[in-house]
Amino acid sequence: MLSSIVVVTTVPAARHLVYSFAYGNQQTVSARDAAELDVNNPSGQSIHATSGISTYKGALGDRGTIVVDVRREQPDGGLVVVISEQGEATRTALPAECVVDGNTATICDPNVTVNPEEYTLLRFLGANFVDVNRLDAHRHWSVSQQTGGVDVKADYTIQSENGGILSITESRALTQPGARNVTTGVQTKIRYDLARGIPLAIDEYVTQREERGSGATASTIYQTSLQLASDAPATP
């Protein structure tokens, strides 16, 4: 019930979070075949000319752990964290300092690689990600922002609540105008612990499409699952 969600939570400073993750992506690139030229008649196409479409596919995946050390909360509410990743195969990233806001906006050290699955987790770690003061009558709120030339619009709905554990859905759209015209759609399910102010589980499904010129397009599907493995005070 909406009336049972009555407190605005904050994420305590100085804590050590560990999440297990599984990540995978599948990419499909479609390109129009180039016509072959007849060397004896360069101005014309040979009998082998074609205007068909060739399709190329690739995939990769990994699993492992993501560690987040929560350092402190800034006066403006931004949460300062250090995140790192250790995959079993290729998904490994060195520690990076990031600042996360309750509106899901995230800024990380530009000199350190932060993988997409790390950003997925960071999005929901901000203090007051769930703020009852933003909920409408349908237990819904929205976020609209622009960052790095990307327009972001997201809708969040609390589907159910049981003992302070919320089931939340996210529908997120990212648009990056320009030559590549990248569009991204995100559908996410989140189990969120209101008292602790952190996600317990995240399941994200992303579809991304971009134009590559000369009729070529690339479509990529990303799938990320995260589960909280431990939540402990930070070691002095």
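The one candidate from V82, V99, V81, L79 that meets the side chain to side chain contact (heavy atoms under 4.5 Å, CB included) condition with R71 is V82.
Checked by atom type, the side-chain pair N25/T220 shows no donor-acceptor distance below 3.5 Å. For the 3.5 Å distance criterion, the side chains of Q187 and Y205 fail to qualify, holding no donor opposite an acceptor. Donor-acceptor pairing under 3.5 Å is recorded for the side chains of Q159 and T169.
In terms of the side-chain contact (heavy atoms from CB on, under 4.5 Å) criterion, residue partners of L200 (sequence neighbours excluded) are, by chain and number, I165, R191, D193, R196, L228. Partners of Q208 according to the side-chain hydrogen bond (donor to acceptor under 3.5 Å, both in side chains) rule, which considers only residues two or more places apart in sequence or in another chain, are T184. Y222 is linked by a ring pair (Phe, Tyr, Trp, His ring centres under 6.0 Å) to nothing, counting only residues two or more places apart in sequence or in another chain.
The structure places OG1 of T113 at 11.0 Å from CD of E85, a figure rounded to the nearest 0.5 Å. Note: H140 NE2 to I168 CD1 = 12.0 Å, rounded to the nearest 0.5 Å.
Within 6.0 Å of CG on D76 lie more than 12 heavy atoms contributed by other residues, nucleotides or ligands.
The pair E170-R123 meets the salt-bridge criterion, since a charged nitrogen lies less than 4.0 angstrom from a carboxylate oxygen. Under the 4.0 Å criterion applied to side-chain N and carboxylate O atoms, E117 and R63 are not assigned as salt-bridge partners.
In this structure, Y192 and I202 have side chains that are not in contact, with every pair of non-hydrogen atoms separated by 4.5 Å or more. Here the side chains of K153 and V143 are not in contact, with every heavy-atom distance at 4.5 Å or above.
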